[in-house]
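Report on the structure given below.
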Amino acid sequence: MRKIILLFTCIFSISVFSQIKVLKNESLVEIGKDNSVGLYKKEDKFTINYQDLNTSNLNTFRSFSFQNLNGDVSDLYKLITDGFISPPEGNVILELPNDIIELNYERNYGQPTVQFIQYINKNKKYVGKSQFLNKKQVDKIFGKTNGKSTLYDKTGTMNNIRRETAGSASTTSSSYNKNKKSRK
């Protein structure tokens, strides 16, 4: 009888002092995805997930998030695609609330590509790198090919993301385009 009471006491105490709490599942909408890079929306917060090629473990996925204040997602898409038309001399640096992101433009097989380089928690010791993406892949990720870009399309300026080019001070979109030199 003592063992049964002890057993019920243990079970009851475990259920009362449990550390696991069930939360309601909030909807996460996939805007677009190509291979190991995807853009997702949760309320007004956008997250880019990617497979980190900078680690030896190929199962490492990283992400960075930002709010869509004044159409920041559309402006980020425009910034990336403008880099395909006339690549900047250095990496384009974006400061997010929690991370620093660099857009690294390179030509692969004669085609312009971009790579996300993430400095996790704004610390240069912890770096994540996505795969290189071409224009068609960027269009797919940002939902331009499947029509899901209507979930975020708004005009405006990037207030939540501060832009810099490598080795220079903070710039605006117009001064960024003026200061670019063409590469040959």
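In this text the structure is predicted, and so the values were computed from the model without any measurement. Side chains included, hydrogens not; waters and symmetry mates left out as well; all remaining heavy atoms used.
- Two residues are said to be in side-chain contact when any heavy atoms from C-beta on lie closer than 4.5 Å; F84 and I80 meet this criterion.
- Note on F132: it does not cluster hydrophobically with I101, by side-chain heavy-atom contacts below 4.5 Å among ILVMFWY residues.
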- Go through the steps for N134 and T113 under the test side-chain hydrogen bond (donor to acceptor under 3.5 Å, both in side chains), then give the verdict. CA-CA 5 Å; N134 61 29; T113 59; over 6 Å; no
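- Note that CG of N68 and CD of E43 are 13.0 Å apart. Values are rounded to the nearest 0.5 Å.
- Residues I31 and F46 are in side-chain contact: their nearest non-hydrogen atoms beyond the backbone lie under 4.5 Å apart.
- For the ring-ring contact (aromatic ring centres under 6.0 Å, His included) with F116, the qualifying choice from F64, Y105, Y50 is F64, the only one to do so.
- Annotation: side chain of F61 is not in contact with side chain of D52 (no heavy-atom distance under 4.5 Å).
- A distance of 8.0 Å separates OG in S65 from CG in D99, rounded to the nearest 0.5 Å.
- Taking a cutoff of 4.0 Å between a charged side-chain nitrogen and a carboxylate oxygen, K122 and E95 qualify as a salt bridge.
- Contact of the D82 side chain with the L79 side chain is not registered, since no non-hydrogen atoms from C-beta on lie closer than 4.5 Å.
- There is no side-chain donor-acceptor pair under 3.5 Å between Q51 and S130.
- Between K136 and T145 there is no side-chain heavy-atom pair separated by less than 4.5 Å.
- The closest side-chain heavy-atom distance from V127 to I120 is not below 4.5 Å.
- Taking all atoms of both residues into account, the shortest heavy-atom contact from Q131 to D34 is NE2-OD2, 4.4 Å.
- Taken to the nearest 0.5 Å, the CD atom of Q118 stands 10.5 Å off from the CD1 atom of I100.
- For N91 (side chain) and E102 (main-chain N/O), no donor-acceptor pair under 3.5 Å exists by modelled atom type.
- When atom types are taken as modelled, the side chain of N121 and the backbone of N123 share no donor-acceptor pair closer than 3.5 angstrom.
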- side-chain contact (heavy atoms from CB on, under 4.5 Å) between T47 and L39, worked out: CA-CA 6 Å; T47 302; L39 175 65; over 6 Å; no
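- Residues K135 and T81 have side chains in contact (heavy-atom distance under 4.5 Å, counting atoms from C-beta outward).
- Stacking of K45 on the aromatic ring of F66 is not recorded, the 6.0 Å distance cut-off and the 45° axial limit not both being met.
- Taking all atoms of both residues into account, the shortest heavy-atom contact from R62 to T55 is NH2-CG2, 3.9 Å.
- L96 and L103 fall within the same hydrophobic cluster, defined by Ile, Leu, Val, Met, Phe, Trp and Tyr side-chain heavy atoms under 4.5 Å apart, directly or through other members.
- V37 is connected to V29 through a chain of hydrophobic side-chain contacts under 4.5 Å among Ile, Leu, Val, Met, Phe, Trp and Tyr, so both are in one cluster.
- A cation-pi arrangement, defined by a distance under 6.0 Å to the six-membered ring centre and an angle within 45 degrees of its axis, is present between K124 and Y119.
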